[in-house]
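Keep in mind that the numbers below use all heavy atoms, side chains included, and drop hydrogens, waters and symmetry copies. In listed order, ligands and their atoms are each counted from 1.
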Amino acid sequence: MKTLALVNASQLVTLGGPARPRIGSEMDELGLLRNGGLLARDGIISSIATSDEIKRTAPDDAEFVDAGERVVLPGFVDAHAHPIFAGDRVDEFELRVRGVTYEEIAARGGGISSTVRKTRAATEGELCRQALKHARWFLQCGTTTLEAKSGYGLSVADELKLLRVIRDLKSRTPLDFVPTFLGAHAVPDEYAADSERYVNLVINEMLPQVARDGLAEYCDIFCERGYFGIEPSRKILGAAKQQGFGLRMHADQLTNSGAAVLAAELSATTADHLEQTQDDGIAAMERARVQPVLLPGSVYALGKFRFPRARDMIDAGLAVVLATDFNPGSSPTPSIPMVLSLATTHMKMTPAEGVTAATINAAYSLGRGGNIGSLEAGKLANFAIFDYEDYRELAYYFGLPQTRSVYVRGEEVVALR
Ligand code: NIG
Ligand code: FE
């Protein structure tokens with residue numbers, strides 16, 4: 001048995017608390033242990049205590065990790081990302097800088113379609129290599145679990161290809177993935193004249209094959225004008241639910257189409273984005289216990305200013321989650337610390353609420369609240385040591401590498417010294 005003894009954390013941010021997502025004022029409580037430490041046996045936390053207590057009780061053969069009076073947090077859980085794609089969209093980025101909008105670029109055949117063309121042309125090996133680069137970036141930013149969506153294949157064969165890449169990544173990087181099927185990300189060009197045929201393809205061919213091969217836990221959809229409206233979204237997500245998938249939704253990002261209300265009607269696990277969601281959507285999500293996943297990186301990177309109403313959602317008792325939305329178009333950042341900077345500065349979430357949203361609440365939104373998202377006995381020893389004494393510095397400083405080292409299941413996977 002291998003024992004790891006972490007000692008001398010200026011603050012051990014445990015997030016210990018009730019075994020459920022945190023709501024209201026609970027989001028401000030981090031279960032902070034000053035001068036803390038932990039013991040982990042074979043990658044599982046066995047005790048949380050003061051550093052002195054850990055030093056007293058650690059077995060002789062324990063491997064000591066000295067946090068050096070720095071802050072230690074659970075590994076971040078990023079609950080919304082599109083990390084599997086070929087190429088980039090740097091050219092479109094420059095166009096946007098020069099004044100063309102995201103929606104105009106999509107209407108000209110760019111946007112999601114351009115990444116679909118490149119991703120279809122790439123082999124599984126090529127996609128895997130690029131995804132491993134992305135995985136390294138996430139780990140370097142302190143993320144240890146990542147939700148990963150398909151959605152740049154948009155044919156039966158190509159969607160399955162992306163989901164197999166996600167499955168195969170698990171043995172090639174310490175980053176843990178939660179796979180989501182996003183066949184309804186956009187209507188591919190070859191179905192543009194008959195989008196209903198594409199909806200039927202998703203329902204009758206893609207979903208059953210993804211379910212048969214056990215390649216995804218969740219089904220997601222881009223519910224938006226010009227992509228999938230309310231009715232097709234209801235059809236696809238209804239079918240996904242029947243086939244055993246949990247539901248997530250890209251909802252009310254560019255326009256308010258009533259997608260958050262639909263998420264509540266379908267008892268979706270999450271409704272994501274929500275930049276345009278109003279009181280009715282917030283109230284419906286509260287009643288149905290839908291978790292909002294807020295993605296300020298995409299607001300920032302699209303040069304927009306309307307952030308989702310995080311304060312109203314927290315005050316309404318929603319278990320808010322923060323995520324990166326990492327993707328080549330609207331949010332090219334793998335950094336949860338960057339998201340914390342945006343969420344505090346522009347959405348007026350407190351640093352503690354931000355940390356809760358990107359750890360324990362995110363873990364519950366992925367069905368893993370019992371295993372990750374907090375530092376408590378029985379959970380995985382996934383944690384990051386940051387170059388700070390106080391957790392609030394995470395949201396305060398921005399634009400620099402912040403992790404000192406990152407551990408997954410008790411093993412060091414990133415060391416920046
Ligand atoms: O979450 N909104 C839809 N999907 C992504 C953007 C994907 C892309 O532009 O490639 C998002 O913002
Ligand atoms: Fe997204």
Q) Should E94 and R98 be marked as a salt bridge (charged side-chain N to carboxylate O under 4.0 Å, His left out) after you check the CA-CA gap, both sets of side-chain angles, and the distance that decides it? A) CA-CA 6 Å; E94 183 167 354; R98 293 179 185 277; 2.7 Å; yes
Which of the atoms of ligand 1 are close to [X], meaning less than 4.0 Å from one of its heavy atoms?
X	answer
R89	8 (C), 9 (O), 10 (O)
D325	1 (O), 11 (C), 12 (O)
N327	5 (C), 6 (C), 7 (C), 8 (C), 9 (O), 10 (O), 11 (C), 12 (O)
I112	7 (C), 8 (C), 9 (O), 10 (O)

Q: Give, rounded to 10 degrees, the angle between OD1 (D325) and NE2 (H250) as seen from the Fe ion (ligand 2).
A: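 It rounds to 170°.
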(Q) Tell me whether E224 reaches ligand 1 (any heavy atom closer than 4.0 angstrom to a ligand atom). (A) no
Q. For ligand 1, is there an atom lying under 4.0 Å from some heavy atom of T115?
A. no
Using a strict cut-off of less than 4.0 Å between a Lys/Arg side-chain nitrogen and an Asp/Glu carboxylate oxygen, indicate whether [X] and [Y] qualify as a salt bridge.
X	Y	result
E353	R311	yes
R120	E190	yes
E26	R20	yes

Q. Applying the side chain to side chain donor-acceptor pair (under 3.5 Å) test to D220, which of K149, H82, H80 qualifies?
A. K149
Which protein non-hydrogen atom lies closest to [atom], naming both residue and atom, and how far is it?
atom	value
atom 4 (N) of ligand 1	H185 NE2, 2.8 Å
atom 12 (O) of ligand 1	S330 OG, 2.5 Å
atom 2 (N) of ligand 1	Q253 OE1, 2.8 Å

Q) Does a sphere of radius 6.0 Å around OH in Y300 hold more than 12 heavy atoms from other residues, nucleotides or ligands, not counting ones at 6.0 Å or beyond? A)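 No, not enclosed.
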Q: Taking atom CZ of R392 as the centre, report whether more than 12 heavy atoms of other residues, nucleotides or ligands fall under 6.0 Å from it.
A: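 No, not enclosed.
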Q: Pick one of side chain, backbone, both or neither for how Y152 approaches ligand 1, counting any non-hydrogen atom pair under 4.0 Å.
A: side chain
Q) What do we get for Y102 next to ligand 1 when only non-hydrogen atoms under 4.0 Å count, side chain, backbone, both or neither? A) side chain
Q.
Would you say the rings of F383 and Y407 are close, in the sense that their centroids are separated by under 6.0 Å?
A.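 Yes, they do, as the ring centres are separated by less than 6.0 Å.
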Q: Verify the distance test for H80 against the Fe ion (ligand 2): any N/O/S atom under 2.8 Å, yes or no.
A: yes
Q.
Between ligand 1 and H273, is the shortest N or O to N or O distance under 3.5 Å?
A.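 Looking only at distances, the answer is yes, because the N/O contact criterion of under 3.5 Å is met.
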Q: Would you kindly say whether N327 and S330 are connected by a side-chain donor-acceptor distance under 3.5 Å?
A: yes
